[in-house]
Number of protein chains: 2
Amino acid sequence: MNNSIQQLRQQHGWSQADLARHLGVSRQTVNALERGRYDPSLPLAFSIARLFGMAIEDVFQPVRD
Amino acid sequence: MNNSIQQLRQQHGWSQADLARHLGVSRQTVNALERGRYDPSLPLAFSIARLFGMAIEDVFQPVRD
DNA sequence: CACCTTTGTAAAGCGTGCTTTACGTTGAGG
DNA sequence: CCTCAACGTAAAGCACGCTTTACAAAGGTG
């Protein structure tokens, strides 16, 4: 599962800590998501998409088989 | 997080076991999702939405605070 | 009645999602 | 040179997502 979190965050001029605060998660979580260490939970994916005003499908791209 | 899995499954005339086979998960997982015992992982949410030809946002509805 | 399908549930087990605390590196600015 | 912000990473710990095996209850069909 790839995602566009880093680009979206940088477009807003936010640090990882800024984004973490907006999402209500830890900075380490934002870092792990950006670096693809794991996928967010579905509720967190919703929070991220809503924060950036996008559909989940536009923020996250399932890796094709 | 509410979801429309049961209605979508029934519209297709599928049993929980049928849906589980289409998704590649266990029947117990489908049952747990329909009954709201927990939320699916993001990849599984993608599989469900794609199987029914819908957007994730149309299958899953985050509970509002 | 006997059987079969469907659904609900439980327990044990494994990997993942997220936390807190903590430390190392890099780059910009005094 | 020193400092500070930002990022990357690690370890321990807890809760969740999903598995397998297993059993019980309800409804239809022979």
Side-chain angles (χ1 to χ4, degrees):
Chain A
M1 182 81 60
N2 296 323
N3 70 67
S4 311
I5 297 177
Q6 180 170 5
Q7 297 90 304
L8 292 166
R9 171 176 68 80
Q10 291 174 340
Q11 285 168 17
H12 285 253
W14 289 341
S15 68
Q16 292 181 344
D18 291 334
L19 176 54
R21 246 179 308 100
H22 278 95
L23 294 171
V25 298
S26 70
R27 178 181 69 83
Q28 284 77 354
T29 293
V30 168
N31 185 75
L33 295 177
E34 287 192 358
R35 314 216 78 237
R37 309 217 325 122
Y38 50 72
D39 297 322
S41 66
L42 187 55
L44 182 51
F46 264 91
S47 298
I48 294 168
R50 253 189 312 165
L51 179 61
F52 291 123
M54 302 180 66
I56 289 184
E57 279 86 352
D58 293 326
V59 181
F60 300 91
Q61 303 89 32
V63 290
R64 48 202 172 86
D65 5 343
Chain B
M1 182 82 61
N2 297 322
N3 69 70
S4 312
I5 298 177
Q6 182 171 4
Q7 297 90 302
L8 292 166
R9 171 176 67 80
Q10 291 174 340
Q11 286 169 16
H12 285 253
W14 288 341
S15 67
Q16 292 181 345
D18 290 333
L19 176 54
R21 243 180 313 101
H22 278 94
L23 294 171
V25 298
S26 70
R27 179 181 68 83
Q28 284 78 353
T29 293
V30 168
N31 185 76
L33 296 177
E34 285 192 1
R35 313 214 80 239
R37 308 215 326 120
Y38 50 73
D39 297 322
S41 66
L42 186 56
L44 181 51
F46 264 91
S47 297
I48 295 168
R50 254 189 311 166
L51 179 61
F52 291 124
M54 302 179 67
I56 288 184
E57 279 86 353
D58 294 326
V59 180
F60 300 91
Q61 302 90 32
V63 291
R64 48 201 172 88
D65 3 345

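These figures come from a predicted structure and were not determined experimentally. Lettering follows sequence order; numbering is per chain, from 1.
One atom, CD of A:Glu34, and another, C1' of C:dC18, lie 16 Å apart when rounded to the nearest Å.
Taking only side-chain nitrogens and oxygens, B:Asn31 comes nearer than 4.0 Å to OP1 or OP2 of C:dG8.
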Exercise for review: Start with the C-alpha distance between B:Thr29 and B:Tyr38, add both sets of side-chain angles, then the distance that settles side chain to side chain contact (heavy atoms under 4.5 Å, CB included), and finish with yes or no.
Suggested key: CA-CA 9 Å; B:Thr29 293; B:Tyr38 50 73; 3.9 Å; yes
Point to revise | Step-by-step side chain to side chain contact (heavy atoms under 4.5 Å, CB included) determination, B:Leu33 to B:Val25 | key: CA-CA 11 Å; B:Leu33 296 177; B:Val25 298; over 6 Å; no
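For DNA chain D, none of the residues of residues 5-23 of chain B falls under the heavy-atom distance limit of 4.0 Å.
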**Study point:** Under 4.0 Å protein heavy-atom contact, by nucleotide of nucleotides 11-30 of chain D - B base, S sugar-phosphate only
**Key:** ------SBBBBB--------
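Nearest heavy atom pair, residue B:Met1 against residue B:Val63, reads N-CG1, 3.4 Å.
Taking the six-membered ring where tryptophan is involved, the planes of A:Trp14 and A:His22 are essentially parallel, since the angle between them stays under 30° and well short of 60°.
Evaluation of the side chain to side chain donor-acceptor pair (under 3.5 Å) rule for B:Gln61 yields B:Ser4 as partners, not counting sequence neighbours. Judged as a ring-ring contact (aromatic ring centres under 6.0 Å, His included), and not counting sequence neighbours, A:Phe46 has no contacts. The side chain to side chain donor-acceptor pair (under 3.5 Å) search around A:Arg27 returns none, not counting sequence neighbours.
Listed by first and then second residue, the salt bridge (charged side-chain N to carboxylate O under 4.0 Å, His left out) pairs involving residues 4-23 of chain A are A:Arg9-A:Glu34, A:Asp18-A:Arg21 (not counting sequence neighbours).
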